[in-house]
Trainee: 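Submitted below is the structure of interest, expressed as structure tokens.
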Number of protein chains: 2
Amino acid sequence: MTQVHCTRAQTAVLQLLRQQREPISAQALYTLIKQQQRIGLATVYRALDALKRMGRVQHRVTLTGETLYNAVEQDRHYMTCLDCGQSFPLNTCPLKGLASSLQHSSSFTIYYHTLEFFGLCEPCSVQGG
Amino acid sequence: MTQVHCTRAQTAVLQLLRQQREPISAQALYTLIKQQQRIGLATVYRALDALKRMGRVQHRVTLTGETLYNAVEQDRHYMTCLDCGQSFPLNTCPLKGLASSLQHSSSFTIYYHTLEFFGLCEPCSVQGG
DNA sequence: CTTAGGAATGATAATCATTATCATAACGGG
DNA sequence: CCCGTTATGATAATGATTATCATTCCTAAG
Ligand SMILES: [Mn+2]
Ligand SMILES: [Mn+2]
Ligand SMILES: [Zn+2]
Ligand SMILES: [Zn+2]
């Protein structure tokens with residue numbers, strides 16, 4: 001049977017994620033947790049994957065290929081510059097209040113969504129042309 | 001100065017992308033183009049990156065870490081199962097008609113957006129619990 | 001037409017985040 | 001306390017993407 005309780009690693013990961021203001025990578029998370037308890041990098045990845053399937057943690061992938069994680073409670077989104085890679089947070093989720101769109105299919109249980117805008121920031125837009 | 005014309009590779013990539021019904025990976029694109037002309041894998045990646053910065057091609061990253069590309073004209077989005085990895089296309093873009101939200105910052109030029117829902121599909125939801 | 005500088009290309013090696021392995025440790029019911 | 005099951009940590013392997021670098025292609029000046 002699938003586990004009933006969160007494992008030690010899952011608990012540590014989820015607690016730390018909830019303290020973060022911004023999404024964080026698995027490796028950075030690993031470094032943080034190691035300061036408190038003995039843990040392996042693989043275990044961090046396993047915990048993140050499990051928490052994701054439980055709908056408690058969500059992920060997004062940066063332009064550099066890193067996957068960042070955050071607690072699902074945080075509904076943050078960004079505009080990311082394709083040139084310099086900088087990400088600018090949005091004030092609010094554009095999907096807020098779109099309950100209609102969220103229930104496209106009753107046969108699919110939605111845990112979270114990712115939404116990101118890509119383009120050029122002011123400085124890069126000027127020079128890059 | 002930055003190039004004025006599309007390179008041979010960029011032309012080939014963009015043309016092929018426009019023929020695809022679904023987003024496609026760089027490697028798959030490489031295989032397709034090779035059937036028509038001599039080309040290197042690195043060049044495909046370079047062309048995709050350039051087209052992305054021009055706002056002509058957009059990308060998304062799958063759960064397996066593959067990056068898929070498609071022409072920006074195609075405004076497709078998906079619901080993806082965190083368990084089996086299957087992606088189910090949405091009929092329409094939930095952001096359609098949200099021009100207000102799209103102009104958060106006049107200092108950022110938006111080329112495209114990614115929006116994806118994650119959760120569990122029917123079958124996986126039943127068994128996985 | 002010829003030439004020189006810069007951009008594009010292809011083959012290949014290197015990178016690096018993530019996964020797979022596997023032996024060991026922790027857990028939990030009986 | 002005992003045994004089968006699950007979790008863990010150390011480490012090797014994977015694989016998509018990047019970095020290199022020598023070569024080819026373009027283009028505009030001479
Ligand atoms: Mn949101
Ligand atoms: Mn859309
Ligand atoms: Zn920028
Ligand atoms: Zn599924």
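Here the structure is a predicted model, which is why all the values come from computation and not from measurement. Order of the sequence lines sets the chain letters (A, B, ...), proteins ahead of strands, with each chain counted from 1.
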Trainee: Whole Å only: how far is the NZ atom of B:Lys34 from the C1' atom of C:dA11?
Mentor: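 In whole Å, C:dA11 C1' and B:Lys34 NZ are 12 Å from each other.
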Trainee: When the distance from CD of A:Gln27 to P of C:dT15 is rounded to whole Å, what number comes out?
Mentor: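 Computing the A:Gln27:CD to C:dT15:P distance gives 16 Å.
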Trainee: Centre-to-centre under 6.0 Å for A:Tyr112 and B:Phe118, is that the case here?
Mentor: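 Close enough - the centres of the two rings lie under 6.0 Å apart.
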Trainee: Shared ILVMFWY cluster between B:Leu95 and B:Phe108, side chains joined below 4.5 angstrom?
Mentor: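 Same cluster.
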Trainee: Looking only at heavy atoms, which two atoms of A:Thr11 and A:Cys6 are closest? And how far apart?
Mentor: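 Between these two residues, the closest heavy atoms are OG1-CB, 3.7 Å.
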Trainee: Using whole Å, what does the distance between atom C1' of nucleotide C:dT18 and atom NZ of A:Lys52 come to?
Mentor: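 Rounded to whole Å, this separation is 11 Å.
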Trainee: Expressed as a whole number of angstroms, how long is the span from A:Leu48:CG to D:dA7:P?
Mentor: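 Taking CG of A:Leu48 and P of D:dA7, I get 15 Å after rounding.
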Trainee: Using whole Å, report how far CD of A:Gln10 lies from C1' of C:dA26.
Mentor: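 Rounding to the nearest Å, CD of A:Gln10 and C1' of C:dA26 are 15 Å apart.
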Trainee: Would you say D:dT8 has OP1 or OP2 under 4.0 Å from some side-chain N or O of A:Thr7?
Mentor: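 For D:dT8, OP1 or OP2 has a side-chain N or O of A:Thr7 closer than 4.0 Å.
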Trainee: Kindly give the cluster partners of B:Val61, where membership spreads through any ILVMFWY side chain lying under 4.5 Å from a current member.
Mentor: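 Result for B:Val61 is A:Val61.
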Trainee: Check the pair B:Gln58 / B:Thr114 against side chain to side chain donor-acceptor pair (under 3.5 Å), numbers first and verdict last.
Mentor: CA-CA 8 Å; B:Gln58 73 169 268; B:Thr114 62; over 6 Å; no
Trainee: Check B:Gly40 against B:Tyr30 and note the closest heavy-atom contact, atom names and distance.
Mentor: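 Scanning both residues, the minimum pair turns out to be C-CE1, 3.7 Å.
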Trainee: Going through the checks in order, is the side-chain contact (heavy atoms from CB on, under 4.5 Å) test met by B:Leu48 and B:His59?
Mentor: CA-CA 9 Å; B:Leu48 284 169; B:His59 81 283; over 6 Å; no
Trainee: Starting the side chain at C-beta, find the nucleotide from D:dT20, D:dT8, C:dA17 nearest to A:Arg46.
Mentor: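 Comparing D:dT20, D:dT8, C:dA17 against the side chain of A:Arg46, the answer is D:dT8.
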Trainee: Grab the CG-C1' distance between A:Leu29 and C:dA17 for me, whole Å please.
Mentor: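 Roughly 15 Å, once rounded to whole Å.
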Trainee: Give the angle between the helix axes at the two ends of the helix from C:dC1-D:dG30 to C:dG30-D:dC1, taking five base pairs at each end and rounding to 10°.
Mentor: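 So the angle between the two local helix axes works out to 30°.
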Trainee: In whole angstroms, how far is the C1' atom of D:dT6 from the CG atom of A:Asp49?
Mentor: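 Nearest whole value for this atom pair: 16 Å.
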Trainee: If you compare every side-chain N and O of B:Ser25 against the phosphate oxygens of D:dA16 (OP1, OP2), does one of them come in below 4.0 Å?
Mentor: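 Checking D:dA16 against B:Ser25, no side-chain N or O comes under 4.0 Å of OP1 or OP2.
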Trainee: How would you label the contact of A:Arg8 with the nucleic acid (heavy atoms, under 4.0 Å): base, sugar-phosphate, or nothing?
Mentor: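 Sugar-phosphate contact only.
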Trainee: Scan residues 35-45 of chain A against DNA chain D and write down, sorted by residue number, each residue with any heavy atom closer than 4.0 Å; if none is found, say none.
Mentor: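 Nucleic-acid contacts, sorted: A:Arg38, A:Ile39, A:Gly40, A:Ala42, A:Thr43.
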Trainee: Give a yes or no on whether the backbone of B:Cys121 and the side-chain of B:Ser125 come within a donor-acceptor separation of less than 3.5 Å.
Mentor: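 Not a single qualifying donor-acceptor pair exists.
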Trainee: Do A:His77 side-chain atoms and A:Leu90 backbone N/O form a donor-acceptor pair below 3.5 Å?
Mentor: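 No, A:His77 side chain to A:Leu90 backbone: no donor-acceptor pair under 3.5 Å.
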